[in-house]
Each structure stands twice: as structure tokens, then as C-alpha cells.
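Beneath this line is the structure, given in C-alpha cells, with notes to follow.
This structure is a prediction, so every number in the text was calculated from the model and none was measured. Every chain is numbered from 1 and lettered A, B, ... according to where its sequence line falls, protein lines coming before strand lines.
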Amino acid sequence: DAKTTQPPSMDCAEGRAANLPCNHSTISGNEYVYWYRQIHSQGPQYIIHGLKNNETNEMASLIITEDRKSSTLILPHATLRDTAVYYCIVRVAFSNYQLIWGAGTKLIIKP
Amino acid sequence: KAGVTQTPRYLIKTRGQQVTLSCSPISGHRSVSWYQQTPGQGLQFLFEYFSETQRNKGNFPGRFSGRQFSNSRSEMNVSTLELGDSALYLCASSMTGTSVRNEQFFGPGTRLTVL
């Protein structure tokens, strides 16, 4: 079973920041948080990952709470092309354990 | 750098038949994973191959099998197809599968329809 909980859907206005929450209350100390997204009819795409510090890359920012029980993915200036299903996943680093995918959040960017 | 390629992109089979799907990973990637995606079950892990050996396996019946060749290309086979096998089959490759980043690069998938 997936170890994360996400809202099934969210809306965001184009040009605004999209904030996608994820609950992972049972996360272990050696588990990382990964975010992927899947645009309709395409394979999932890696976005970002983190352990306990906030992370930022060219696509998004990841904010992890101090107790690590939840995180938020931030798309700073959402565009229509960001409409996709976003998956939050936890995984032990340096292991062969595969990613276990939940249902994700369907993010719809509106003009 | 070429991405992950999967062939064929679309396939229609009938119950009882068998099917073979192919995946070519990104050059230099040695880990190939297969996933099944259906509207009801979401993305489910089938198996992972690394250096021609199956390293991980999900909870699927023995009708689902795979292999990896010395050039890291991988095939998966489904025998005695059932209606419930209709799904998008995704292949993902990564360098080793055990790095912290574990960035898996996904192919576009093969859409299998079983009639």
C-alpha cells in the first residue's frame, strides 16, 4: 500500500503558485520524499526529491515539515502545461525497493 | 540523448493469446522496471531487471514474465491474456536503481487492449 495521502484533485489559476500537499505520517528516518507527475497519456516524469531540507530545482520547490510527516510541492508560476496527475512517494534511499505509487492529485490549471 | 522507447505503442489482442512488449532504456542505464497502469489500480510495479537479472518482483501472477538482454534492452511477456490485462504498460530506466535520486525515466508506454 502507498505510504502517502494526497487530495484527489485541485484547481489553480494560470500564473499563480500551485501548492500540492502530501501526508506521509509514517515516514521512516531513511526514507526520501519523491514527486513525479504524469501528463495525460505520457509516462511519469521525475520532478524533485528531498530528505528533510527544503529543495528547489528548475521545475519546482519541495517544502518538508520539520517532523517530516508532510510536505508540499510548489509550482511557482503554473501554466496550462502543468495540468497533470502529481504523485508523492516515499522510498528508502540506497535500496532496491521500488516506488509504490498512490492515486496522486489531479491538478487542473485554469486560464 | 535518446529517451526510453517502447514498442509497440498500441496493441490489440484477444483472450488466451500471448504478447511481448519491448523496452529500450536510455544509453548507459542498467536498470529497467516495468509497471502496469489501469484506471482502477493505478501504477503497479511488475518487476525490475538489472544486469540481465530480475532483482525485484511485484505481486503479479506467473503469466507475467520478463527478461533483460546484455545491451540492457528488456522485454516483458504476458501469456494467456485475460480481459483484465488491458492496461498501459510502462517501462522505466535508471542508472542503477539504487541511487538516492533514483530518477526513473519513463517511456511513453504500450497501450494493450484485450478483447
Problem set entry | Verify same cluster id: B:Phe45, B:Leu88 (apolar side-chain graph, 4.5 Å) | yes
Problem set entry | Residue pair B:Gln104 / A:Tyr36, side-chain heavy-atom distance below 4.5 Å | yes
For this session: Output every pair passing ring-ring contact (aromatic ring centres under 6.0 Å, His included) with a member in residues 62-85 of chain B, not counting sequence neighbours, ordered by first then second residue.
Result: B:Phe60-B:Phe64
Problem set entry | Which portion of B:Gln41 sits near chain A, non-hydrogen atoms under 4.5 angstrom | neither
Problem set entry | Verify same cluster id: B:Val78, B:Leu21 (apolar side-chain graph, 4.5 Å) | yes
Exercise. Taking the side chain from A:Tyr87 and the backbone from B:Leu43, do they hold a donor-acceptor pair closer than 3.5 Å?
Worked result: no
Exercise. Is B:Val114 linked to B:Leu11 within one hydrophobic cluster, defined over Ile, Leu, Val, Met, Phe, Trp and Tyr using a side-chain heavy-atom separation of less than 4.5 Å?
Worked result: yes
